[in-house]
2 protein chains.
Amino acid sequence: MPPVDTKTRILDSAEHLFAQDGFHITSMRTITSTAEVNLASINYHFGNKESLLQAVIERRLLPLNKIRADEIKKVIAQAEDNSALPTAKALLQAFIDPTLKFRDSSTGARDFITLVGRSLNEPDETVRNCFLALIFPIFEQLRQALQSALPHLSQATLLIRLQFIMGTINQVMCMRNEPLFKNQTQANNNHYNDAMQQLLQFILAGVEAPE
Amino acid sequence: MPPVDTKTRILDSAEHLFAQDGFHITSMRTITSTAEVNLASINYHFGNKESLLQAVIERRLLPLNKIRADEIKKVIAQAEDNSALPTAKALLQAFIDPTLKFRDSSTGARDFITLVGRSLNEPDETVRNCFLALIFPIFEQLRQALQSALPHLSQATLLIRLQFIMGTINQVMCMRNEPLFKNQTQANNNHYNDAMQQLLQFILAGVEAPE
DNA sequence: GCTTCATTTAAACACTTGTTTGAAACAGTT
DNA sequence: AACTGTTTCAAACAAGTGTTTAAATGAAGC
């Protein structure tokens, strides 16, 4: 009954808590008391805890993936207009840029990105697959586009390098306020967006390295 | 009293289960029944569950870090003998090679590496810091060595690129049998060690990219 | 044999977990 | 105003959690 309806309140709180503390540590009672709703309302609206996670993921990831897919298609179409191959840089940018724009769009979105970054290496297979299943199609689309952008790379090499790229991106997505290793020399006034430009440089050099 | 003593049996089982299912999911009862020891023996020998994790980490990571540190020092010393700067490639190899040799030394070691890879992005700060605290010194050593190997790179850039590298390595460490995205075209007969050579190529290109 | 110490054992502890229940409150429609 | 279907609520459920306890067992020294 407060500002927004119960279902949304639950989704927002769960998103934040899952990102901050992890899926398994976060209890139903913590979620419901944070959301100021009744304990049973999660089971009423979502069935069980795992379906709530699924709902948290889908709410953000389906729209985000749509944007990413459209951006990649756009890059391919523009290249075709110039009867040229799309560049790896443009393709990777089409994948990463929407992620980062989205990340900075709200605090909830920032939580969500952290959640995704952490969950791709989740030990619990059921939880991990919730994310992998939704990310796989866009990953596959990017892979095929990059394969035609980098025809000299073998399929196997491109595939493993894409795994490396996902690892790098995950690392960045997991960063909340501070880098992985803090209390370092100076160098901490690196703002997040600077790191983003650096990210593209880094993975582009990696994927384009001689075989 | 079986083959090995209780303490070691607990450490072995915990290592395997923590890597496979995660720290929080794994219960004391699962550990003790797998190890075929009494439930209370964990608290007797280690105090509590978290101290057990600490023991699991230290048993492997302290010796491994010693090897890594020695390898890096060796590279620096050899370069000095030739009155030259150490190369970034040699330094990164000195960091990665021991990790992978260790990883293939036993199934327990393989479990352990998975555990480390996953835990560096653990949501639970207490758990995450167990790992970060032990890895930070070697990270810092590598950073300083790389800074002198790549003097044209600003400190800030090197630092963020080292974060990317850690992300890439983590991703590889988390791979157990299969890559992050399976059921792919063909390309799966990529053996693990092939991926390792590829890893060095990838991160080397990334860290040496123009600023 | 007896004592002393470290270790193992079964049982219980207090607490938290996700989920279910059935009644209460609410909204909308006729 | 009375009935409808939906949503909220407090309470309870059974199961699992990490940890503690006190008795039993083991081995070592004198």
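Every heavy atom of this structure was used, including side-chain atoms; hydrogens, water molecules and symmetry mates were not. Per chain, numbering begins at 1; letters A, B, ... match sequence-line order.
- At D:dT7, none of the side-chain N or O atoms of A:S41 fall inside 4.0 Å of OP1 or OP2 (strictly under the cut-off).
- Taking atom CZ of residue A:R9 and atom P of nucleotide D:dT8, one finds them 11 Å apart after rounding to whole Å.
- Side-chain polar atoms of A:Q54 and A:E58 form a donor-acceptor pair below 3.5 angstrom.
- Both tests pass for B:K49 against the ring of B:F23: distance under 6.0 Å to the centre and angle within 45° of the axis.
- Ion pair B:R128/B:D124 not flagged as a salt bridge, since none of the NZ, NE, NH1 or NH2 atoms sits closer than 4.0 Å to an Asp/Glu carboxylate oxygen.
- Rounded to whole Å, atom C1' of C:dT8 lies 15 Å from atom CD of B:E36.
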Can you check each nucleotide of nucleotides 13-25 of chain D against protein heavy atoms at under 4.0 Å and return B for base, S for sugar-phosphate only, - for none, in 5' to 3' order?
----BBBBB----
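- With respect to the salt-bridge test (charged N to carboxylate O, under 4.0 angstrom), the residues A:E71 and A:K74 qualify.
- Here A:H45 reaches the OP1 or OP2 of D:dT8: one of its side-chain N or O atoms lies under 4.0 Å away.
- At D:dA10, one or more side-chain N or O atoms of A:N38 fall inside 4.0 Å of OP1 or OP2 (strictly under the cut-off).
- Using a 4.5 Å heavy-atom cutoff, the side chains of A:D111 and A:L17 are not in contact.
- What you find for A:I10 and A:S41 is that their closest heavy atoms are CD1-OG, 3.7 Å.
- As a whole-Å value, the separation of B:I10 CD1 from C:dT9 C1' is 13 Å.
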